[in-house]
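First up is the structure itself, then whatever we jot down about it.
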Amino acid sequence: MSVFDTLKERGFIAQVTHENEIRELFDKEKVSFYIGFDPTADSLHVGHFLGMMVMAHMQQAGHRPICLIGGGTATVGDPSGKTDMRKMMTDEVIAHNCECFKKQMQRFIDFSDGKALMVNNGDWLKKLNYIEMLRDIGPHFSVNRMLTAECYKQRMEKGLTFLEFNYMIMQAYDFMELNHRYDCKLEMGGDDQWSNIIAGVELIRRKEAKAAFGLTFTLLTTSEGKKMGKTEKGALWLDPAKTSPYEFYQYWRNVTDADVEKCLALLTFLPMKEVKRLGSLQDQAINDAKKVLAFEVTKLIHGEAEALSAQQAAEALFNGTGNLDNVPTIELSEADFGLKLLDLLAREGVFASKSEGRRLIQQNGLSLQDEKITDVDFVLSKELFSEKSLLVKKGKKKYYRLVIA
RNA sequence: GGGUAGGUGCCCGAGUGGUUAAAGGGAGCAGACUGUAAAUCUGCCAACUUCGGUUUACGAUGGUUCGAAUCCAUCCCUGCCCA
């Protein structure tokens, strides 16, 4: 089966510029293709993960992924966030972020022997001479046409700065540059990148009279159309220091029924037959599919050992089997006894604020060893520790283990 | 540069001198129900609190007033129209 069909079958593909040619291209040569990542944080998140899955599938089929890190674009600051201009990032920070990205990507993408490349567009964008570039590629862009792009349409009402308008041109330029340097023929990206991608494809076709292609993949959204991968704390990070493997596991364990099949297809390498079987489970049985999903995705990101630990912790908490060692743990020192539980948990970040914690307790949302805590002033005493750890439950399914250090 | 409409809590959006920590909706959180699901219903949703309150908040800064998100001045930002 060709990769194209694999991607299609698994539901990755949203739009393609030239379906037949791309299909043919995939069959007859090793294609260099690229996906861009903006190094705006020191960790990738699930949004990026989808792109990496695409790269992994492609690499398995013998093609060459190029990870383009937007070091150049990040120095400018992408204004799409609007309200406040993103702070300019220093080269050191960007370099650091790139390193972090690479480490995380290495788990899925094989960078050895040039089987995949990682490049930074700062290498060429920063050297650009404005006049030269303008004369060079400016004539190939029609403003009239650019303005009809879907991504700008909505912005026409809200306001659009030149900086932002210019983004498409920079991205198109990137594609052309990669085409020169590495014979990169295909740009991929999330479906929101469609306009930017075709800008690059057209630039290469017009200016170089060479073939270039674009393909976008489905954005990871819930069945309600909301962006997936949001937790109460923000993004679902791939860095275990930012999102623990347990939290990560729980996120996937809790996706809604309707999203299970889609997630399995996009975020795991399970054969489609199995994906379909699991996705078709009904009612209680679909919980098994969610367990598989959570385990597989956690394994891909954090490795099998961590996935097993997370799974065990979950089993221990929700089924009462297995040990609790891997449950998120808060270590207490002698000095903590005598503190109000509320203060302690607020300090540890379990509650965003004391008010929130107080509210939660008043609403019966907190329990200690399965006993509801109803007293806001409940004090943590050493006598409570008849066993070596105490289990705190916040809300319906968030657990923390208190242990004496 | 001129004219004009605006800038309200996480987001959208009402509010034109006091009863407004600010309607309504969305998001989020908690409780009930369940399958660690969805839907539904209920409550909460600035921070701190000795639970009586206190302190911050309606673009920014000053001012008028017993009292301002609401009035005035200046400034910053955005849309639209004109140049």
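Chain A is the first sequence line, chain B the second, and so forth, proteins listed ahead of strands; every chain is numbered from 1.
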In terms of the angle between their ring planes, are A/H57 and A/F12 parallel, tilted or perpendicular, with boundaries placed at 30° and 60°?
perpendicular
Residue whose closest nucleotide on RNA chain B lies nearer the 5' end, A/A352 versus A/Y249:
A/Y249
Can you tell me how far C1' in B/U74 sits from the matching atom in B/G26, rounded to whole Å?
37 Å
Taking the side chain of A/K354 as its heavy atoms from C-beta onward, which of B/C48, B/C33, B/U36 lies nearest to it?
B/C48
Students often get this wrong, so: under 4.0 angstrom with heavy atoms, is A/N364 touching a base, only sugar-phosphate, or nothing?
sugar-phosphate
Expressed as a whole number of Å, how far does the C1' atom of B/G28 sit from that of B/G9?
14 Å
Where the side chain of A/T256 is concerned, which of B/U36, B/A38, B/C33 is the nearest nucleotide?
B/A38
Could you tell me how the ring of A/F108 sits relative to the ring of A/F49: parallel (under 30°), tilted (30 to 60°) or perpendicular (over 60°)?
tilted
Could you state the atom-to-atom distance from CD of A/Q312 to P of B/U36 in whole Å?
19 Å
Residues 351-366 of chain A side chain polar contacts: donor-acceptor under 3.5 Å, at least two apart:
unit_1: A/S353; atom_1: OG; unit_2: A/E356; atom_2: N; d: 3.1
unit_1: A/K354; atom_1: NZ; unit_2: A/D343; atom_2: OD1; d: 3.1

Give A/L317 one of three labels, base, sugar-phosphate or nothing, depending on what nucleic acid heavy atoms sit under 4.0 Å from its own.
nothing
Atom CG of A/L360 to atom P of B/G31: distance rounded to whole Å?
7 Å
Find the distance A/N254:CG to B/A38:C1' and express it as a whole number of Å.
12 Å
Between A/E356 (CD) and B/U49 (C1'), how many Å, whole number?
17 Å
Hey, does A/A285 reach any base, or is it just sugar-phosphate, or nothing, if we go heavy atoms under 4.0 Å?
nothing
Contact class for A/R359 (heavy atom, under 4.0 Å): base, sugar-phosphate, or nothing?
sugar-phosphate
Those residues that, when tested against A/H140, pass side chain to side chain donor-acceptor pair (under 3.5 Å) (two or more places apart)
none
Counting only side-chain N and O atoms of A/K291, is one of them less than 4.0 Å from OP1 or OP2 of B/A37?
no
Per the 3.5 Å Watson-Crick/G-U criterion and a run length of at least three, the stems involving RNA chain B are B:1-7 with B:76-82, B:10-12 with B:24-26, B:28-32 with B:40-44, B:46-48 with B:53-55, B:59-63 with B:71-75
Residue pairs fulfilling side chain to side chain donor-acceptor pair (under 3.5 Å) with at least one residue in residues 292-308 of chain A, sequence neighbours excluded:
none
Ignoring backbone atoms, establish whether A/K394 has a side-chain N or O less than 4.0 Å from OP1 or OP2 of B/A30.
no
Looking at every strand, decide which applies to A/Q362 at a 4.0 Å heavy-atom threshold: base, sugar-phosphate, or nothing.
nothing
Is any side-chain N or O of A/S353 closer than 4.0 Å to OP1 or OP2 of B/A47?
yes
What is the distance, rounded to the nearest whole Å, between atom NZ of A/K396 and atom P of B/U36?
11 Å
Here the distance between atom P of B/U78 and atom NZ of A/K158, to the nearest Å, is 14 Å
Does atom CG (A/D370) have a neighbourhood of more than 12 heavy atoms from anything else shown, all under 6.0 Å?
no
A/F351 CZ to B/C45 P, in whole Å, measures 16 Å
A/R135: side chain to side chain donor-acceptor pair (under 3.5 Å) partners, not counting sequence neighbours:
none
When you get a sec, tell me which of B/A37, B/U49, B/U50 is the closest nucleotide to the side chain of A/K340?
B/U50
Checking A/D192 now: which residues fulfil side chain to side chain donor-acceptor pair (under 3.5 Å) with it, not counting sequence neighbours?
none
Regarding A/N121 and A/K126, do their side chains bring together a donor and an acceptor under 3.5 Å, going by distance alone?
no
Given B/A37, B/C33, B/A30, which nucleotide is nearest the side-chain atoms of A/D257?
B/A37
Has A/Q363 got a side-chain N or O lying under 4.0 Å from the OP1 or OP2 atom of B/A30?
no
Rounded to the nearest angstrom, tell me the gap between atom NZ in A/K397 and atom C1' in B/A30.
13 Å
